[in-house]
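This report refers to the structure that appears directly beneath it.
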Amino acid sequence: MNTFPDLRLSRLRRTAGIRAMFDLEIPAPAKWCWPTFVVPGKGIKEEIASMPGQYRYSPDTLVSAVEKVVQQGVGSVLLFGQTDGVKDNGGSQAWHDHGAVQQAVRLLKSAFPHLTVMTDVCLCAYTDHGHCAPLRPDGSLDNDAACECLAKVALSHAAAGADVVAPSAMMDGQIAAIRAALTENDFNQTLLMAYSTKFASACYGPFRDAEDSAPQLRPGMPADRKGYQASYANPRNALMESVLDEAEGADILMVKPALFYLDMVRAVREQTLLPVAAYNVSGEYSMLIATARQGWGDLDELVRESTMGIVRAGADLIISYWASEYERFFGKR
Ligand code: PBG
Ligand code: ZN
């Protein structure tokens, strides 16, 4: 074998042109999904304090924001809703036919027929305690009642025209319940993207601030989601969550967060033939901005380098707040 001084690997890296010949590419914007926030009302665009550059939109202003994202070629959006109605134990405002999400889906599908519109299916922004399921009188989580509620939410999104419904509550049996409800109601073309391997993570803080959906302390229930979201110290259990969601009828699996869990992205990619999404979450977004603002790193470089990590891990779809600035970070396509 040829070795130094004949072999010099740096020859393959010397110029930008040579590097570009052999480097992996950042996926085209069609392989990206922009998560964003919808609130009831009109004319609203308010910046989220903990997520600079990301906003809460009312359905009307969301259309012009999405237009800028569609113009960059981004293939899909993922909508998170809120209510101005009364939050209750079961989160019933979540399946209101004229909720902010349901309205936004209708508007986006008529304005951008080729855009893939995804919706987050959960209850935590609609329950008065901020948990992703109703609580029983003793404070315990009512998993099976949650599945019925989540099926109603998914149906209301499908009826509004969502292409993809994405349940994120981490309830046992939620995928089977939603798939059955979709089938029974003739929504046999609605895709089901399971937040399948979703961890109880400290990286959701900015999102909960944006959504006003932090879990609250109740007698019999702690102020966290560790009892239902996967444990970061038990990768086998977390992987099995994806195995089961596939068996229950998911079309797309997901690992969330992405950057702290690249091993799990790779593990899920290797054990399924379904597409795998990686969700680069709010905390991962805001920590890069915070670093750059401190002067401790260059934001563009940090975004490109961390995104390539997600690509190397094997993600098929990248769900990321950076999608709204695709051209700035990754160039024009
Ligand atoms: C709701 C939900 C959360 C996120 C997506 N859907 C928060 C949570 O589970 O508490 C987090 C997304 C992000 O941090 O960007 N269940
Ligand atoms: Zn939730």
Side-chain angles (χ1 to χ4, degrees), residues 32-38 48-56 77-83 87 89-91 93-95 101 118-135 141-143 145-147 149-150 153-154 157 164-172 174-175 178 193-216 221-232 238 241 254-261 277-289 306 310 318-324:
W32 284 66
C33 174
W34 181 46
T36 191
F37 301 93
V38 200
I48 299 160
S50 53
M51 302 178 72
Q54 303 294 321
Y55 300 80
R56 297 183 196 87
V77 295
L78 172 59
L79 304 182
F80 294 93
Q82 279 184 70
T83 179
K87 296 191 183 188
N89 182 47
Q93 291 292 316
W95 59 87
V101 168
M118 309 187 179
T119 56
D120 182 84
V121 174
C122 203
L123 303 171
C124 48
Y126 303 89
T127 55
D128 51 20
H129 40 68
H131 285 283
C132 305
L135 302 182
L141 197 83
D142 197 341
N143 180 100
C147 288
C149 298
L150 292 165
V153 178
H157 294 176
V164 182
V165 291
S168 65
M170 287 299 283
M171 295 297 122
D172 291 320
Q174 66 179 9
I175 300 303
I178 292 171
M193 177 168 73
Y195 284 71
S196 50
T197 293
K198 172 175 176 178
F199 290 91
S201 172
C203 293
Y204 306 151
F207 173 97
R208 290 176 188 170
D209 177 30
E211 276 280 278
D212 186 26
S213 64
Q216 294 167 28
M221 178 57 76
D224 62 48
R225 306 199 200 289
K226 291 182 198 251
Y228 43 107
Q229 298 179 343
S231 165
Y232 55 73
E241 286 286 352
M254 189 200 294
V255 175
K256 175 191 170 191
L259 293 174
F260 284 23
Y261 297 92
Y279 194 146
N280 188 197
V281 301
S282 60
E284 297 175 323
Y285 172 86
S286 297
M287 73 177 82
L288 297 195
I289 294 178
S306 57
I310 300 171
I318 300 176
I319 304 171
S320 171
Y321 301 98
W322 305 121
S324 58

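Just so you know, residue 1 is the first one in the sequence shown, and it goes up from there. Each ligand, and each atom within it, is numbered from 1 in the order the structure gives.
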query = Just wondering, do Met171 and Leu141 contact through their side chains at under 4.5 Å, heavy atoms?
reply =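 The answer is yes; the side chains approach within 4.5 Å.
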query = Are the side chains of Met221 and His131 in touch, meaning some heavy atoms are under 4.5 Å apart?
reply =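 SC-SC contact between Met221 and His131 confirmed.
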message = Looking at Lys87 and Asp212, is any side-chain nitrogen of the basic one under 4.0 Å from a carboxylate oxygen of the acidic one?
response =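 Salt bridge present between Asp212 and Lys87.
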request  = Applying side-chain contact (heavy atoms from CB on, under 4.5 Å), run through Cys132 and Met170 and close with a yes or a no.
outcome  = CA-CA 8 Å; Cys132 305; Met170 287 299 283; over 6 Å; no
query = How far is atom 8 (C) of ligand 1 from its nearest protein heavy atom, and which residue and atom name does that atom have?
reply =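 Checked against all protein heavy atoms, atom 8 (C) of ligand 1 sits closest to Arg225 NE, 3.5 Å.
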ask   = Got the closest protein heavy atom to atom 5 (C) of ligand 1, with its distance?
value =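 In this structure, atom 5 (C) of ligand 1 has Lys256 NZ, 2.6 Å as its nearest protein heavy atom.
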task = Have a look at ligand 1 and work out which part of Ser282, if any, has a heavy atom under 4.0 Å from it: side chain, backbone, both or neither.
result =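 Within the 4.0 Å criterion, Ser282 contacts ligand 1 through backbone and side-chain atoms alike.
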request  = Measure Phe80 to ligand 1 on non-hydrogen atoms and call it side chain, backbone, both or neither using the 4.0 Å cut-off.
outcome  =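 Side chain only.
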ask   = In degrees, rounded to 10 degrees, what angle do Cys124 atom SG and Cys132 atom SG make at the Zn ion (ligand 2)?
value =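 Cys124 SG and Cys132 SG form an angle of 110° at the Zn ion (ligand 2).
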Would you check whether [X] reaches within less than 4.0 Å of ligand 1, judged by its heavy atoms?
X: Glu284; result: no
X: Lys198; result: yes
X: Gln229; result: yes
X: Cys124; result: yes

Could you tell me which atoms of ligand 1, counted from 1 in the order shown, lie closer than 4.0 angstrom to a heavy atom of [X]?
X: Val281; result: 13 (C), 14 (O), 15 (O)
X: Tyr279; result: 12 (C), 15 (O)
X: Arg208; result: 8 (C), 10 (O)
X: Asp120; result: 6 (N)

inquiry  = If I take atom CZ from residue Phe260 and atom OG from residue Ser201, how far apart are they, to the nearest 0.5 angstrom?
reply    =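 Phe260 atom CZ to Ser201 atom OG measures 7.0 Å (nearest 0.5 Å).
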ask   = Atom CD1 of Ile289 and atom OH of Tyr321: how far apart are they, to the nearest 0.5 Å?
value =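 One gets 11.5 Å once the value is rounded to the nearest 0.5 Å.
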query = Is the cationic atom of Lys198 (NZ for Lys, CZ for Arg) positioned less than 6.0 Å from the six-membered ring centroid of Tyr279 and within 45 degrees of its normal?
reply =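 Here Lys198 fails the 6.0 Å and 45° test against Tyr279.
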ask   = Taking atom types as modelled, is there a side-chain donor on Tyr195 or Asp120 under 3.5 Å from an acceptor on the other?
value =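 Distance-only check passes for Tyr195 and Asp120.
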ask   = With ring centroids as reference points, do Tyr261 and Tyr232 lie under 6.0 angstrom apart?
value =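 That pair fails the under 6.0 Å test.
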